[in-house]
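Both ligands and their constituent atoms are indexed starting at 1 by order of listing. Nothing here was measured: the structure is a model prediction, and the numbers come from that model.
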Amino acid sequence: MAKYKAAITGIGGFVPETKLTNFDLEKMVETNDEWIVSRTGIKERRIFREPGKASSDMATYAVKELLEKTGTNPEEIDVVICATVTPDMQFPDTANTIALKIGAKNAWGFDLGAACSGFLFGLTTGSRFIESGAYKKVLVIGVDMMSSIINYKDRTTCILFGDGAGCVLLEPSKNEYGFEDADLHGDGSGAKFLNMKAGGSLHPASEDTVKNRDHYVFQDGRPVFKAAVSGMRATTLKVLNRNNITKDDIDWVVPHQANMRIINSLADYLEVPKEKVMTNIERYGNTTAATLPLCLWDYEKKLSKGDKLIFTAFGGGFTWGTVYLTWSYDSN
Ligand code: UT7
């Protein structure tokens, strides 16, 4: 039995100002705006290129906004969970660097991989920490600087990804609303379809790994697409059924922003009108761990106390799942 209910009590976000549009990409690889928009729904993405700056800096901008908005003293933060596949360095964890940069002197923290499901896994982990009664303020961050691991000569991946950061603060709920349920999955057999081969212990950096472009994202898009559609449908349905939620009860679907066709197919399957589905893929592309909190950041003013939110994501691993959460404050 949970001692407390965990609630999201604040949101922060950051996207870099520099835009990489489909028309820019037309000059870099053999592609065109019409193909990208019709196959993915993406028009532009943001790119973070400031000398000496990295994922922790984007996350720090997002967290500082959250702390200011919520009037939170950083020294009160107990735990920092940073979901990312683009940490500043292999180690130490980027969560520790962020804690230093925001002045969270009393926090411990760690990085969480899980690719595009990273924020969902972090949200669940952080909520369980609050529920246990062990911690009172947990920061969950999703940040990725995908431009640092994208091969801008590979048209099948460079059109998809962008940079950004989003975060939420979790605290014990002061009302009946908050984290309700989670259904999370992993399947290691999906690794061959979506990965970055080199830089780890299997293929440490070498002349060959650089020559083979193994330090970049590799994706075989079609099998990932199919698994994403079926995985997100199944996990969402499971959560809806076991919480007795019908399509009419859902106020917001918060889907991972990988492909507008995947998002539309989920909305059609759930029979939820498009107005209830959060999207910003058109402007930011796929920011991996940052997509879900950046959706919350963009839609915060539209959220009301008691709203039922269904988060769902699918990504490298494979990893996927759904979180059901009731919104705990009037955001406007
Ligand atoms: O966030 C993590 C999880 N990731 C996902 O959920 C992504 C899932 N996959 C996808 O979103 C899609 O598979 C992609 C957007 C990556 C690709 O779309 P697709 O409709 O599956 O295209 P495809 O890979 O089957 O390629 C169709 C054609 C191919 O040409 P041929 O073989 O039919 O002659 C590709 O070479 O489109 C070609 N193509 C392109 N053409 C213009 C691939 N990339 C491009 C491009 N511009 N950028």
Exercise. Provide, to 0.1 Å, the distance between atom 19 (P) of ligand 1 and the closest protein heavy atom, together with that atom's residue and name.
Key: Arg39 NH1, 3.7 Å
Exercise. Do me a favour and list the nearest non-hydrogen protein atom to atom 25 (O) of ligand 1 with residue, atom name and distance?
Key: Arg222 NE, 2.5 Å
Practice problem: Check whether more than 12 heavy atoms from other residues, nucleotides or ligands sit under 6.0 Å from atom CD of Glu50, and answer yes or no. | Solution: yes
Practice problem: Find the distance between OG1 (Thr40) and CD (Gln257) and round it off to the nearest 0.5 Å. | Solution: 11.5 Å
Quiz item: Does any N or O in the side chain of Asn264 come within less than 3.5 Å of the main-chain N or O of Arg261, such that one atom is a donor and the other an acceptor?
Solution: no
Quiz item: Which of these, Gln219, Met232, Gln257, Met260, has its nearest heavy atom closest to atom 7 (C) of ligand 1?
Solution: Gln219
Quiz item: Would you say ligand 1 has an N or O under 3.5 Å from any N or O of Gly221?
Solution: yes
Quiz item: Starting from atom 39 (N) of ligand 1, which protein heavy atom do you reach first, and at what distance in Å?
Solution: Trp35 CZ2, 3.4 Å
Quiz prompt | Distance flag for atom 34 (O) of ligand 1, protein heavy atom under 4.0 Å | solution = no
Quiz item: Is Lys174 positioned over the aromatic face of Tyr329, cation under 6.0 angstrom from the ring centre and no more than 45 degrees off axis?
Solution: no
Self-check item: For atom 2 (C) of ligand 1, the protein heavy atom that lies nearest, with its residue and separation
Solution: Cys116 SG, 3.2 Å
Quiz item: Should Thr40 be counted as touching ligand 1, given the test is an N or O pair under 3.5 Å?
Solution: no
Self-check item: Atoms in ligand 1 flagged as close to Ile262, the criterion being non-hydrogen separation under 4.0 Å
Solution: 6 (O)
Practice problem: Taking all non-hydrogen atoms of both residues into account, name the closest pair between Leu266 and Pro255 and its distance. | Solution: CD2-CB, 4.4 Å
Quiz item: If every non-hydrogen atom of Trp320 is compared with every non-hydrogen atom of Gly231, which pair is closest and at what distance?
Solution: CD1-O, 3.5 Å
Exercise. Among all protein heavy atoms, pick the one closest to atom 30 (O) of ligand 1 and tell me residue, atom and distance.
Key: Arg155 NH2, 4.6 Å
Practice problem: Specify the protein heavy atom at minimum distance from atom 14 (C) of ligand 1: its residue, its atom name, and the distance to 0.1 Å. | Solution: Asn259 ND2, 4.4 Å
Quiz item: Would Lys238 and Asp183 count as a salt bridge (charged side-chain N to carboxylate O under 4.0 Å, His left out) if you check the C-alpha gap in whole Å, the side-chain angles of each, and the deciding distance to 0.1 Å?
Solution: CA-CA 8 Å; Lys238 193 167 160 189; Asp183 176 56; 3.1 Å; yes
Quiz prompt | Taking atom 46 (C) of ligand 1 as the reference point, the nearest protein heavy atom with its distance | solution = Thr31 OG1, 3.3 Å
Quiz item: Looking only at distance, does Asn286 have an N or O less than 3.5 Å from an N or O of ligand 1?
Solution: yes
Quiz prompt | Atom indices of ligand 1, in the order listed, that fall short of 4.0 Å to a heavy atom of Ala258 | solution = 1 (O), 5 (C), 6 (O)
Practice problem: Measure from atom 4 (N) of ligand 1 to the protein's non-hydrogen atoms and state whether any distance is below 4.0 Å. | Solution: yes
Quiz item: Relative to each other, are the rings of Phe129 and Phe110 parallel, tilted or perpendicular (30° and 60° limits)?
Solution: perpendicular
Practice problem: Using the six-membered ring of Phe218, assess whether NZ or CZ of Lys197 lies under 6.0 Å from its centre and within 45 degrees of the ring axis. | Solution: yes
Quiz item: Are any non-hydrogen side-chain atoms of Tyr324 and Lys308 less than 4.5 angstrom apart?
Solution: yes
